[in-house]
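Notes follow once the structure below has been shown.
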Protein chains: 2
Amino acid sequence: MKHHHIAYVVLSAGLMAPAALADTASEIAARSATFEAAFNSGDAAGVAAHYTEDAVILAPDTDRIDGREAIAGLWQAFIDAGVVDLDLVTTEIEAMGETANEIGAYTLKAPDGNGGMVEAAGKYIVIWRRGADDQWYLDWDIWNSNP
Amino acid sequence: MKHHHIAYVVLSAGLMAPAALADTASEIAARSATFEAAFNSGDAAGVAAHYTEDAVILAPDTDRIDGREAIAGLWQAFIDAGVVDLDLVTTEIEAMGETANEIGAYTLKAPDGNGGMVEAAGKYIVIWRRGADDQWYLDWDIWNSNP
């Protein structure tokens with residue numbers, strides 16, 4: 001697993017105590033690290049388990065995807081395509097209590113079609129939701145590519 | 001101005017009353033309508049005025065854009081490129097009190113390079129923030145294309 005870089009800015013929201021905001025940020029950092037680890041070990045179901053049951057993914061050049069089963073299929077397609085070394089970097093976290101909004105940046109490597117690998121980079125917004133088990137799950141996930 | 005279609009789902013959040021959630025949804029619908037109207041009349045500054053001063057846009061194949069002035073520049077570039085008939089359709093609104101999360105879909109028309117126009121469609125997530133003037137502003141805005 002790659003080192004998970006965190007350079008987050010915690011924004012205040014309502015009456016939340018600063019300690020609670022920092023807790024949310026570190027909890028979500030831990031979840032992002034296991035998300036990365038699942039993807040980088042080729043475990044699409046493990047990635048999908050980080051999403052709520054009725055999560056939504058808005059992926060580029062792809063129709064809207066609803067639900068954990070379809071989400072596992074999307075991540076399996078990336079794994080099957082040879083995508084590796086996914087790295088997620090949180091840049092902002094806004095904690096809202098039972099939800100949290102994140103801006104982040106990603107890099108990954110994908111086959112270049114000539115036997116080599118090319119690095120791709122982009123940015124994302126994730127709306128996280130705290131589950132009944134007190135764990136954080138991706139609820140809405142959208143990204144696009146850098147130039 | 002095109003008719004602004006609204007088919008939103010209001011999700012409960014914390015202790016907000018249902019009436020407050022519906023108010024947020026209708027206030028944001030009104031803001032989206034004036035956003036569309038500004039764009040479709042070629043008024044990039046008018047579009048940018050719908051964003052917070054330090055808003056973030058994550059646009060496809062574009063570096064992250066910060067702040068209302070740079071945001072006006074992005075929308076001016078779309079106007080200069082001949083993009084017209086922007087239509088925004090809210091599909092989900094989640095009201096969090098002073099912020100609100102929206103999933104939506106857009107269509108627009110752009111020059112096809114042969115003297116005609118081609119329709120493009122995509123999807124977006126916007127994090128809205130209520131300003132000191134009690135008005136809603138786009139704070140984070142990200143989108144990508146459909147297939």
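Lettering of chains follows the sequences in order, A, B, ..., and the numbering in each one begins at 1.
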Quick one: do A:Leu74 and A:Val84 end up in the same hydrophobic cluster if we chain Ile, Leu, Val, Met, Phe, Trp and Tyr together by side-chain heavy atoms under 4.5 Å apart?
-> no
Per-residue tally against chain B (heavy atom, under 4.5 Å) across A:Ile125, A:Leu58, A:Asp63 peaks at A:Leu58
Okay, A:Thr62 and chain B: the region with an atom under 4.5 Å from a heavy atom over there is backbone
Would A:Val83 end up clustered with A:Trp75 when hydrophobic side chains under 4.5 Å apart are linked, directly or stepwise?
-> yes
Is there a chain of hydrophobic side chains (I, L, V, M, F, W, Y, each step under 4.5 Å between heavy atoms) that links B:Trp128 to B:Tyr137?
-> no
hydrophobic_cluster_shared for B:Val47 and B:Tyr106, side chain cutoff 4.5 Å | yes
May I ask you to check whether over 12 heavy atoms, not counting those of B:Glu69, lie within 6.0 Å of atom CD?
-> no
Can you tell if the side chain of A:Ile103 reaches within under 4.5 Å of the side chain of B:Trp140, non-hydrogen atoms only?
-> yes
Measuring heavy-atom distances to chain B, does A:Ala59 have an atom under 4.5 Å in its side chain, in its backbone, in both, or in neither?
-> backbone
Kindly say whether A:Asp61 contributes a backbone atom to a donor-acceptor pair with the side chain of B:Asn146 at under 3.5 angstrom?
-> no
Please look at A:Ile127 and chain B and tell me whether the side chain, the backbone, both or neither of the residue comes under 4.5 angstrom of a heavy atom of that chain.
-> side chain
Sole candidate of A:Met96, A:Glu98, A:Glu94 that passes side chain to side chain contact (heavy atoms under 4.5 Å, CB included) when paired with B:Met96 = A:Met96
Any sub-3.5 Å donor-acceptor pair from A:Asn144's side-chain atoms to B:Ile142's backbone N or O?
-> no
So do B:Arg64 and A:Thr91 actually touch side chain to side chain, heavy atoms under 4.5 Å?
-> yes
hydrophobic_cluster_shared for B:Ile79 and B:Met117, side chain cutoff 4.5 Å | no
